[in-house]
Colleague: 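The structure follows.
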Protein chains: 2
Amino acid sequence: MCKESNCEKEAFCLCPIRGIVDVVSKKWVMCVLTSLREDPLRYNQIKKNIGEISPKTLSNTLKTLEHEGLIERNVYGETPPRVEYSLTESGKELQIALIPLVEWVRRRENHDELHTGQKSHKKNQIKNST
Amino acid sequence: MCKESNCEKEAFCLCPIRGIVDVVSKKWVMCVLTSLREDPLRYNQIKKNIGEISPKTLSNTLKTLEHEGLIERNVYGETPPRVEYSLTESGKELQIALIPLVEWVRRRENHDELHTGQKSHKKNQIKNST
DNA sequence: CCGCATCCATCGGGATACTG
DNA sequence: CAGTATCCCGATGGATGCGG
């Protein structure tokens, strides 16, 4: 039994993915992973791709992803220095595992537009009562 | 083209799911959704199921999930008051869409144990340099 | 070019007490 | 029972400047 939600049928418990969901929900992780889908990229290429990300945040994001085994960091001892980031096998498999979620989101957006004429979700979450 | 990560092939871009991933990554969302998988539950039943969650946090979590259309809130005008929460169709479909992710996590945990004798990920992320 | 160091604002979430 | 009100803390991420 999962001790976090006390669900009996552990095979169907969602709690095990809390860890990875914490990771992929970091603000820029999705964008970085998507940027690396095709080819290895260098730090500043990723930065330019995404645009508004600050260097510290990109740095942290890349470290987390490397630590999780989702991307690889390859250093080439050149001057000027050259560092390339690429997806690992695990990272590619993660993207595949996320496809059904992408499709679910797209379906939901379509329903929203059909019923209400606008996208209703995903903006304005409930905020803490301050 | 996705403007967030500038990825050309929008069909494969992960950015669209950032919204829902933000939601499901809230600390207790997975546990709540799992708790509701079988039957409708009342506020304090969910609370007791999960155990350590604070009332404010559970309240906010439920509001967010309701706002996202993933759960339904049913009030029965009784004394003492009775409020039941249940999954909507959309909520059930979300859980189904997450199954590949659950399986990916399980595979990854198995690999970790085979190679290192322990679970290596999901603890100690890199923290901000303070 | 690839970052790290520092400062700062914001936010999610815990603990606890209280109310309709 | 089903929440709200209040206070508090740690973590995240933006902006900017510096270093190898």
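This structure is a prediction, so every number in the text was calculated from the model and none was measured.
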Colleague: If you look at every strand shown and take non-hydrogen atoms under 4.0 Å, does Y85(B) touch a base, only sugar-phosphate, or nothing?
Modeller: sugar-phosphate
Colleague: Could you give the CG-to-P distance, from L41(B) to dC1(D), as a whole number of Å?
Modeller: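 Going from CG in L41(B) over to P in dC1(D) covers 14 Å.
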Colleague: Quick check for you: to the nearest 0.5 Å, what is the distance between I99(B) atom CD1 and I17(A) atom CD1?
Modeller: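 It is 10.0 Å, given to the nearest 0.5 Å.
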Colleague: Considering just the side-chain nitrogens and oxygens of K63(B), establish if one lies under 4.0 Å of OP1 or OP2 belonging to dT4(D).
Modeller: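 Checking dT4(D) against K63(B), a side-chain N or O does come within under 4.0 Å of OP1 or OP2.
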Colleague: When you measure from the side-chain N and O atoms of R42(A) to the phosphate of dG3(C), is any distance below 4.0 Å, counting only OP1 and OP2?
Modeller: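 So the side chain of R42(A) is outside the cut-off, no N or O lying under 4.0 Å from OP1 or OP2 of dG3(C).
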Colleague: Tell me whether the side-chain N/O atoms of R82(B) come closer than 4.0 Å to OP1 or OP2 in dA2(D).
Modeller: no
Colleague: Once you build an axis from the first five pairs and another from the last five of the helix from dC1(C)-dG20(D) to dG20(C)-dC1(D), how far apart in angle are they, to 10 degrees?
Modeller: 50°
Colleague: Can you measure Y76(A) atom OH to dC2(C) atom C1' for me and round it to whole angstrom units?
Modeller: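 Atom-to-atom, Y76(A) to dC2(C), this comes out as 15 Å.
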Colleague: May I ask you to verify if any side-chain N or O of S59(B) is less than 4.0 angstrom from the OP1 or OP2 atom of dT4(D)?
Modeller: yes
Colleague: What distance do T61(B) atom OG1 and I50(B) atom CD1 have between them, rounded to the nearest 0.5 Å?
Modeller: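 Rounded to the nearest 0.5 Å, the OG1-CD1 separation comes to 8.0 Å.
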Colleague: Provide, to the nearest angstrom, the distance between the CG atom belonging to L62(B) and the C1' atom belonging to dG13(C).
Modeller: 15 Å
Colleague: Report yes if a side-chain nitrogen or oxygen of K47(B) is closer than 4.0 Å to either non-bridging phosphate oxygen (OP1 or OP2) of dG3(D); otherwise report no.
Modeller: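 So the side-chain polar atoms of K47(B) never come under 4.0 Å of the phosphate oxygens OP1 or OP2 of dG3(D).
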Colleague: Using the rule that two of Ile, Leu, Val, Met, Phe, Trp, Tyr join whenever any of their side-chain heavy atoms come within less than 4.5 Å, decide whether V75(B) and L58(B) are in one cluster.
Modeller: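 Linked, V75(B) and L58(B) end up in one cluster.
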Colleague: Whole angstroms only, please: what is the CH2-C1' distance between W28(B) and dA15(C)?
Modeller: 14 Å
Colleague: Atom CG of N60(B) to atom C1' of dA2(D): distance rounded to whole Å?
Modeller: 14 Å
Colleague: Nearest 0.5 Å please: distance from the CG atom of L65(B) over to the CG atom of L94(B).
Modeller: 9.5 Å
Colleague: What pairs meet the side chain to side chain donor-acceptor pair (under 3.5 Å) rule with one or both residues in residues 87-104 of chain A, with sequence neighbours excluded?
Modeller: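 Applying side chain to side chain donor-acceptor pair (under 3.5 Å) to every pair that reaches into residues 87-104 of chain A, excluding sequence neighbours, yields R37(A)-Q95(A).
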Colleague: To the nearest 0.5 angstrom, please state how far the OG atom of S25(A) sits from the CD1 atom of I20(B).
Modeller: 12.0 Å
Colleague: Considering only heavy atoms from C-beta outward, does the side chain of K47(A) approach that of N44(A) to under 4.5 Å?
Modeller: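 Of all side-chain heavy-atom pairs linking N44(A) with K47(A), at least one is under 4.5 Å.
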Colleague: When you check every protein heavy atom under 4.0 Å of nucleotides 15-20 of chain D, what one-letter string (B, S, -) results, 5' to 3'?
Modeller: BB---B
Colleague: Between E52(A) and K27(A), does at least one N-O distance fall below 4.0 Å, as a salt bridge requires?
Modeller: no
Colleague: Taking CD1 from I53(A) and P from dG14(D), how many angstroms apart are they, rounded to a whole number?
Modeller: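 Taking CD1 of I53(A) and P of dG14(D), I get 7 Å after rounding.
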Colleague: Got a second to check how far R42(A)'s CZ is from N74(A)'s CG, nearest 0.5 Å?
Modeller: 12.5 Å
Colleague: Expressed as a whole number of angstroms, how long is the span from L58(A):CG to dT12(D):P?
Modeller: 16 Å
Colleague: Rounded to the nearest angstrom, tell me the gap between atom OH in Y43(B) and atom P in dT19(C).
Modeller: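 Roughly 17 Å, once rounded to whole Å.
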Colleague: Just verifying a value: how many Å separate Y85(A) OH and L62(A) CG, rounded to the nearest 0.5 Å?
Modeller: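 Interatomic distance, Y85(A) OH to L62(A) CG, rounded to 0.5 Å: 5.0 Å.
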Colleague: Output yes when at least one side-chain N/O atom of K26(B) is less than 4.0 Å from OP1 or OP2 of dG12(C), else no.
Modeller: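 Answer is no, no contact under 4.0 Å.
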